[in-house]
Each structure stands twice: as C-alpha cells, then as structure tokens.
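Okay, structure first, notes after.
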There are 2 protein chains.
Amino acid sequence: MKRNSRLSAALHALLHMAERDTPMTSDDIAACLNTNAVVVRRTMAGLREAGLVESGRGHGGGWVVTRPLCEISLLDVHLALGEPDLLQIGHATENPGCVVEQVVNSALDETMKEAEDILLRRFGEIKLEDMAAAFRARSAGHAATAHRTG
Amino acid sequence: MKRNSRLSAALHALLHMAERDTPMTSDDIAACLNTNAVVVRRTMAGLREAGLVESGRGHGGGWVVTRPLCEISLLDVHLALGEPDLLQIGHATENPGCVVEQVVNSALDETMKEAEDILLRRFGEIKLEDMAAAFRARSAGHAATAHRTG
DNA sequence: TTTTCATGTAACTATTTATGTTACGAATAA
DNA sequence: TTATTCGTAACATAAATAGTTACATGAAAA
C-alpha cells in the first residue's frame, strides 16, 4: 500500500498559496507538487468545504487561502481531508468470536488509540504560520550559505 | 490499502500456542486465524529467526513458543516481524528540492517520529503474559456470566 | 456574444501493498 | 516407504492511493 501523502500535499499547497497575492491555479499547484491538476482539485475540495480555501473559475480564477496561517493548524487540515487513518496497524477481524483475538485486539486498539491521540494533539498545536516561519528561516539560511562561498 | 494485521495475527497465534503443550501445525493456527497455512508460515518465519518460536517437520511437528510469555513483549514480536511501518502518513517526495516541501516534511517527520517512539515504548512495556492474563480473566468472566442466567 | 480560461467531477488506468492460493521440494516420524 | 509437516517460490486477488482522460459548468475577457 502506498502511504497517504495528501496531508503533506495539502500543506505544501497551502504554504505556496499563502506566499502569493493572486490565486494559484490547480495547474500552478500541480507543478509545485509534481502531480496532476485533477489530483490537486480532489485534495483541495475538502479544504474548500472546510472553509480553509476558496476557488474561483475562469480568467483570474484559482485557489486562495481564506484564513490567516496562524489560525490554521495541521489538525484543521487533517480534518478537512476527511480524517484519513493515521496508523498502519490493524487487525484481521473486527468483531472476533475468539476470546484470544478479542484480547489481542483490545490491547492493540488501546495502544493505537493512545498514539493517535498524541498525533492529533500535536497536529492541533502546529499552525501553518509555524511552518511558514521555518520556511523563511531556512530560506534565509540558504541564502546566507550561498553568499558565504569562497 | 489494507491495514497490516501481521502483528495481530502473530500475537493471536502465540497465545494459542502457549495454551497447548504440543506443537500446533500451521494448519491448526490457520484455522484459529481464519487464514491460510502458508500465510502462517510466512508470518512465523520471522518469529523463528528471532528465536521466539521453533518449528518441527513431519509427524508431531509444528510450532512451539520457546520462551516464557513474561519474557516476550509486543516490541519483540514487532521487531521479529521486520519492523513494518506503523504510520500511514508519508510524503510524496523523499528528498525534495522545494524548500517549502522540505519544511513540511520536517514538521511531519518530527511529529510522526514522536508518535512512533511512543508506540514502540508501549510495545516494549506490554508482555504476552499480560495478554494471557487478560484472556484468562475474560474467559472466567464469561463463564460466570453464563452461569448467572435467570 | 463568443472565446478562452479554470474549476468540478465522473470514469478509467496504473502502481503499490497486503493477503490468499497453488505447487512442489525437503525433512521427519510412524 | 508412506504420511505428515514445514519452507518457499510463484502466481492470484483485493484494496487503497495516485495519475489520466474527458467533458460539463461557470466566469472573465475580447
């Protein structure tokens, strides 16, 4: 199974959009993400329904972020994407008759839920603005490095 | 994508094996897990290499647990299975040139690693004996419930 | 009004991963 | 020698993600 990269893609798109003062077309975004415009629209559809972005058609149309980055958390984006499963580990039978399997499932479910809760809590703490700041810092660092040659 | 259920299957098998004083054949185990004997051998191969179980061929052959359940943790089993990915979330590009994507990947990787570490730590704390005890308790509970009718 | 641009979406294809199945060889006990 | 059981390769199936094609819809510009 491929690993789900929609959260990564959505964040990447949002940060690029936020850097610009005009709408980005799906094709623009697709070029940034090395993917296809339809895939972009599919991913962005959830964000639009959640009110994180808006889309416009026709000339000058495209996608814009509708809220300040400091008000959007990774959790918001994750929820907007439809809360895809975070964990890879599951169990074969959902409602097993075998008591051994019930015990195994309980133990795993409990542990998985604990990890999932932690992930979601952290997602809630991280805002897009934090990532944008990290981006600016890293860009500045690279620029400095580039100048520091010789 | 289906979710990986090998850890669940391995635990289920180990607990059944531990309840018996003779080897369980792959077919026996497959019947318990509602799966195929070849799938069982494939899963158990890792456990054998890790020294958690032994297998014998021919008449009277099959699988036995080689260590006391209090000395086997979920982490041991997870490692024996080859440390399959625990998390579903990934990113599209592994070594992106885009600085925005680098920042997104860093933030996600960090958060994912944190959750993964917690999972592994918990796995290390849970022993098969704990699950066997839970099984015995639940079995007793069910028996009592069954008698308590009317 | 017509043209051009851009999203919205359904339908299909491709790729990857996990699991199931078949087939046969090798080892072991009866 | 035969029945049993693991070991393993090769192939089949199933499910999920992502990529592609095609076309309808809506909006701005010419």
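Chain A is the first sequence line, chain B the second, and so forth, proteins listed ahead of strands; every chain is numbered from 1.
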Separation of atom CG in A/N34 from atom P in D/dT17, rounded to whole Å: 21 Å

C/dT19 OP1/OP2 closer than 4.0 Å to side-chain N/O of B/S5: yes

Nearest-angstrom distance from the residue atom CE of A/M17 to C1' of C/dT7: 13 Å

Contact under 4.0 Å: B/R48 side-chain N or O vs D/dT8 OP1/OP2: yes

Touch class at under 4.0 angstrom, heavy-atom based, for B/R42 against every strand present: base

From NE2 (A/H12) to SG (B/C98), nearest 0.5 Å: 3.5 Å

Closest to side chain of B/V38, choosing from C/dA18, D/dT5, C/dA23: C/dA23

B/H16 vs B/E19, side chain to side chain contact (heavy atoms under 4.5 Å, CB included): CA-CA, chis, key distance, verdict: CA-CA 5 Å; B/H16 274 293; B/E19 280 200 315; 4.2 Å; yes

Options D/dT25, D/dT17, C/dG20, nucleotide nearest the side-chain atoms of A/R57: D/dT25

Trace of the side chain to side chain donor-acceptor pair (under 3.5 Å) decision for B/E125 with B/S73: CA-CA 7 Å; B/E125 291 166 357; B/S73 68; over 6 Å; no

Between C/dT16 (P) and B/Q88 (CD): distance, integer Å: 17 Å

Candidate nucleotides C/dG8, D/dA18, C/dA18, ranked by approach to the side chain of A/V39 - the nearest: D/dA18

Distance, rounded to the nearest Å, where B/M44 contributes CE and D/dT5 contributes P: 16 Å

Stepwise side chain to side chain donor-acceptor pair (under 3.5 Å) test for B/S55 and B/R41: CA-CA 10 Å; B/S55 60; B/R41 293 194 196 108; over 6 Å; no

5′-ward residue of the pair B/H59/A/G58 relative to DNA chain D: B/H59

Between D/dG7 (C1') and B/D27 (CG): distance, integer Å: 14 Å

Nucleotide nearest B/T25 when distance is taken to its side chain, options C/dT22, C/dG8, D/dT5: D/dT5

Out of D/dG19, D/dG7, C/dA18, whichever nucleotide has its closest atom nearest the side chain of B/S55: D/dG7

Integer-rounded Å distance: D/dT5 P and B/I29 CD1: 12 Å

Between C1' of C/dC5 and CG of A/D28, the distance in whole Å: 12 Å

Whole angstrom value for the distance that separates P of C/dA18 from CG of B/L81: 12 Å

A/A45 vs B/R41, nearer the 5' end of DNA chain C by closest nucleotide: A/A45

Sidechain N-carboxylate O distance under 4.0 Å for B/K113, B/D109: no

Short side-chain N/O contact from A/T35 to OP1 or OP2 of D/dG19, under 4.0 Å: yes

